[in-house]
Amino acid sequence: MMMSCRQASRLISDGMDRPLSRSEQVRLSFHLLLCRNCRHFRQQMQQLRSGIRRARDE
Amino acid sequence: MSASPEQIEAERPWLLRYARAQLQDQAAAEDAVQDALLAALEGRERFAGQASVRTWLISILRFKLVDTIRRQHREVATDLSEDTDLSDLDGLFDGQGAWQQAVRAWGVPEEGLLAKQFWQVYQQCAQAMPKRTAMVFAMREVMDMDIADICQNLSITTTNCSVMLYRARMSLRECLETRWFQQEIAR
């Protein structure tokens, strides 16, 4: 069964702090392939991180 | 090569901004910066000159900040039970765990994130979070500490840590979307 958005968002967050396992990666990629909301979510998380870094280091 | 007292002092405003971002407590931030500057002055012969003065000062300040955060944590953490309950996020998802509301692309060009204003909004949003959550998030994202270091410093488990980071990101996402990205669109 495909993972839910709720699970995917948690894995996206975890993936920013630790390397995901092979199976986590595969299941997440599969979900992202089919889910635009979660792709946007992942992008937002990256924007959040880079926004903080840039503001902090300026 | 050593850093001159003037070079060290010149970085004070920047260090203060950095410290405030993680401590939220103005007085504690000033104390930490003061301690770091003193330590730097005393140890300025040890400045190797490979890194910039700022980078060197930051590495000193981080130690002071972690000390402060640890102290605060002891005061805040009256409840030492594991924080792994994410039911506060239930409203964001439906029964199947799908997003209740469409997640929009923020679509703001990277350059559009005017650093200084973004920082202000970020700090407002961080203040709206539970203290412990904000603390863990700042250690991770502002101070670049890895999970293992954070857990060790706060004596919490990695699960607890990743739950708090997840919650922080979800909360910041919502807050930034309202306070920052919508105003970007309106501009």
Side-chain angles (χ1 to χ4, degrees), chain A, chain B residues 14 17-18 21-22 54 58 86 89-90 92-108 110-123 125-126 137-138 140-144 146-148 150 158 161-163 165-170 172-173 176-177 180-181:
Chain A
M1 203 182 98
M2 192 167 94
M3 72 167 65
S4 66
C5 298
R6 185 167 189 158
Q7 293 168 317
S9 65
R10 173 68 193 273
L11 268 191
I12 289 166
S13 172
D14 283 7
M16 300 178 83
D17 308 316
R18 65 168 173 90
L20 297 181
S21 74
R22 190 87 196 105
S23 104
E24 285 171 332
Q25 275 176 35
V26 170
R27 293 192 313 137
L28 180 60
S29 310
F30 186 65
H31 181 96
L32 288 171
L33 208 58
L34 300 170
C35 178
R36 194 163 65 144
N37 283 334
C38 286
R39 286 200 298 275
H40 286 163
F41 175 80
R42 184 179 56 172
Q43 212 174 33
Q44 291 177 348
M45 291 298 106
Q46 285 157 356
Q47 283 174 292
L48 176 62
R49 175 168 278 179
S50 60
I52 289 173
R53 292 216 167 137
R54 213 181 358 262
R56 174 195 73 182
D57 296 336
E58 182 144 289
Chain B
W14 197 89
R17 191 150 75 97
Y18 186 94
Q22 8 240 315
R54 180 178 287 184
I58 282 292
L86 283 166
L89 300 179
D90 283 352
L92 296 174
F93 301 97
D94 67 17
Q96 269 73 52
W99 295 98
Q100 288 278 18
Q101 284 187 336
V103 181
R104 298 184 304 130
W106 279 343
V108 179
E110 295 284 298
E111 299 73 35
L113 296 171
L114 305 164
K116 206 169 174 179
Q117 283 164 298
F118 178 83
W119 193 245
Q120 282 169 355
V121 177
Y122 161 69
Q123 284 189 266
C125 290
F137 184 79
R140 174 76 189 113
E141 296 290 350
V142 189
M143 299 169 79
D144 270 336
D146 59 35
I147 290 254
I150 299 173
T158 46
C161 201
S162 70
V163 164
L165 288 169
Y166 176 56
R167 175 180 294 124
R169 291 182 177 122
M170 296 298 265
L172 285 168
R173 182 186 96 79
L176 283 168
E177 177 140 312
W180 177 256
F181 291 96

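When reading the values below, keep in mind they use all heavy atoms of this one structure, side chains included, and skip hydrogens, waters and symmetry mates. Naming convention: chains lettered A, B, ... in sequence-line order (proteins, then strands); numbering from 1 in each chain.
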If you define the side chain from C-beta out and look only at heavy atoms, does anything of Leu11(A) sit under 4.5 Å from Tyr166(B)? no

Going by heavy atoms in the side chains, are Arg169(B) and Met16(A) under 4.5 Å from each other? yes

Could you please spell out the steps behind the side chain to side chain contact (heavy atoms under 4.5 Å, CB included) verdict for Gln96(B) and Arg6(A)? CA-CA 9 Å; Gln96(B) 269 73 52; Arg6(A) 185 167 189 158; over 6 Å; no

Please assess Arg140(B) against Asp17(A) for the test side chain to side chain contact (heavy atoms under 4.5 Å, CB included), listing each intermediate value before the final yes or no. CA-CA 8 Å; Arg140(B) 174 76 189 113; Asp17(A) 308 316; 2.7 Å; yes

Between Arg10(A) and Ser162(B): side-chain donor-acceptor atoms closer than 3.5 Å: yes

Going from OG on Ser9(A) to CG on Leu89(B), what distance comes out if it is rounded to the nearest 0.5 angstrom? 8.0 Å

So how far is it from Ser13(A) OG to Met170(B) CE, rounded to the nearest 0.5 Å? 8.5 Å

Which atoms of Ile58(B) are under 4.5 Å from chain A, going by heavy atoms: the side chain, the backbone, both sets, or neither? neither

Tell me if a side-chain donor or acceptor on Asn37(A) pairs with a main-chain N or O of Val103(B) at a distance below 3.5 Å. yes

Does atom CZ (Arg36(A)) have a neighbourhood of more than 12 heavy atoms from anything else shown, all under 6.0 Å? no

Please round to the nearest 0.5 Å and tell me the distance separating atom CE of Met45(A) and atom CD of Glu141(B). 9.5 Å

Are any of the side-chain heavy atoms of Arg54(A) and Trp119(B) separated by less than 4.5 Å? no

Under 4.5 Å heavy-atom distance to chain A, tell me which part of Leu172(B) shows up: side chain, backbone, both or neither. side chain

Step-by-step side chain to side chain contact (heavy atoms under 4.5 Å, CB included) determination, Ser4(A) to Phe93(B): CA-CA 10 Å; Ser4(A) 66; Phe93(B) 301 97; over 6 Å; no

State plainly whether the residues Arg53(A) and Asp144(B) are in salt-bridge range, i.e. N to O under 4.0 Å. yes

Interatomic spacing from SG in Cys5(A) to CD in Gln100(B) - rounded to 0.5 Å: 11.0 Å

